[in-house]
Amino acid sequence: MSTGIQNNRIDEHLNLLFSEILLAQQEFSQLREPDLDKLDLIPQKLKEYEEVRGRGFFFPLIASGRGHGPFSELIDGSIKYDLINSIGVNLLGHSHPLLIRASLEAATMDTNMVGNLHLYEDPINLSKAIVDSVKGSNLKHFWFSGSGSFANDNALKMIWQKSEGRTRVLALEKCFAGRSIATQDITHNADYRKGMPTSLNVDHFKIHDSQDLNEQIKKTLENLEELYAVNGKEYCCISLELVQGEGGFNTYHRDLYIEIFNWARSKKLFIWVDEIQSFGRTGQLFAFQTFGLDEYPDVVTVGKALQVCGTIFSNELNPKPGLIAGTFQGSLSSIKAGLKILKYLTMGNFLGPNGRVVKIRETFDKGLNDLASKRNDGFFHSSTGIGLMFAFQVKDGEKDFTANYIKALFKNGIICFSCGKDPYKIRFLLPLSITDAHIEEIFSILDKTATELLKG
Ligand SMILES: Cc1ncc(COP(=O)(O)O)c(C=O)c1O
């Protein structure tokens, strides 16, 4: 690791700052109502920002920069549970010591954003650690990018360069791949590309909806064959999220994935797995590891919880010089944080069948089932997703009702979001720092808010 400027005085001050910040942030560790004299502050500021940005916001949310664990303080003085962590960024929760440390260490260095020409040791170390973390797979290289969408664009470019003119993509229905010019066509929801020309030909395949796995595999492969019969000669790859994020936290049996991937292999298609949302959340570092699919992916994309984005790819996909480049690798504080997070997840007791990810999930599933049985009014449906990706439908999963419940939860102290479409679901991306006592409080808020919403 590059350490920047270092001497005893700086070390002393850094250590002091580290513990002072840590202690001061711990003050923000429980729910709080907004200050009465600040009730208009967030709507006012958002109105100003809306004029600059050109569009409004779903929540009245501006964070103060203070928070601890699952809690985030807003500038109106309220403190809320953050159960969506900026759509997946803050996996460890707020003011985590590793993140404070990463920022302080980065502050001793001579710059902030770093790139591919003027190299530092940190991106080298993180790249090595990422490649090391996928040792059992064909993935041998890592390239940074500025966003998840761009990591996906790079994956596609690598695939295209090795596909002899075949450019059409086979993707899973309901997938979300980003909003770049290429990925907006892969993203299934056509509402996100209104008025856009088609720049990439994509066929979306269906996973057959059935409780019978054999039937599901058979019908899914039939659908793939049908699509292949029409456009097969143009396909370069199959692209999918093993746990669909935006799509509704949909996930399927390992054997189904194996059959799909074997089918893709038999047609000589590259296999591209998007782990931008799932990284760190499924019980192993990557969902393909959780499902025991290590031998299949040719390219995997990451982002969000890792604090940096990028593309991990096989020797075969290693691009020719000039194809993949860009100014930034990331900020030094993000790259340092990424390396610390990777080590923390692998060295701590988080992954595997007895790890904290699985325990948190079990507690949430039990909490939801208990609440649904206690209420016995059909308000809560059982959860979907895996690990820290937890979603559930309320009532009929109707769009406005779901949005109203999310807004009511926000008022009562829980920040979350939706996923899926017809039915819409409540989406939690749970932070690792959540405790069993927090979970108990969260379920009492879910219950209270449901009752309030039904009363109208
Ligand atoms: C699965 C998946 N792929 C790609 C993206 C795009 O990433 P970004 O928003 O960083 O461009 C997202 C973001 O939500 C995602 O969840």
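Each residue takes its place number in the sequence, starting with 1. Whatever order the structure lists ligands and atoms in, that order sets their numbers, starting from 1.
- Contacts between A177 and ligand 1 below 4.0 angstrom, taking non-hydrogen atoms only, involve the backbone exclusively.
- Of the protein's non-hydrogen atoms, the one nearest atom 16 (O) of ligand 1 is Q277 NE2, 2.9 Å.
- The shortest separation from a heavy atom of E246 to ligand 1 is not under 4.0 Å, leaving the residue out of contact.
- For atom 14 (O) of ligand 1, a protein heavy-atom neighbour is present inside the 4.0 Å cut-off.
- Using a 30° and 60° split on the angle between ring planes, F428 and F364 fall in the perpendicular class, above 60°.
- With distances taken over non-hydrogen atoms, the option nearest atom 3 (N) of ligand 1 out of T183, D274, V89, V273 is D274.
- Ring geometry for F261 against Y296 counts as tilted: the plane angle lies between 30° and 60°, on a 0 to 90° scale.
- Separation of atoms CD (E173) and NE2 (H188) is listed at 4.5 Å; rounding is to 0.5 Å.
- Every N/O-N/O distance between F150 and ligand 1 stays at or above 3.5 Å.
- A donor and an acceptor atom, one from each side chain of H141 and N315, are located under 3.5 Å apart.
- Summarising the geometry, atom OG belonging to S95 is positioned 9.0 Å from atom CD1 belonging to I21; distances are rounded to the nearest 0.5 Å.
- From the protein, the heavy atom lying nearest to atom 9 (O) of ligand 1 is S149 OG, 4.5 Å.
- Here the CD1-SG distance, from I426 to C416, works out to 5.5 Å after rounding to the nearest 0.5 Å.
- The aromatic rings of Y257 and F291 lie perpendicular to each other, with more than 60° between the two planes, well past the 30° mark.
- Residue-level proximity to ligand 1 for N152 is carried by the side chain, the only part with a heavy atom below 4.0 angstrom.
- Here the heavy atom of the protein found nearest to atom 10 (O) of ligand 1 is G148 N, 2.9 Å.
- Contact annotation: K304 has at least one heavy atom less than 4.0 Å from an atom of ligand 1.
- Not one N or O of E241 is nearer than 3.5 Å to an N or O of ligand 1, by distance alone.
- Tested against E246 for a salt bridge (charged side-chain N to carboxylate O under 4.0 Å, His left out), the candidates R427, K425, K174 yield a single pass: R427.
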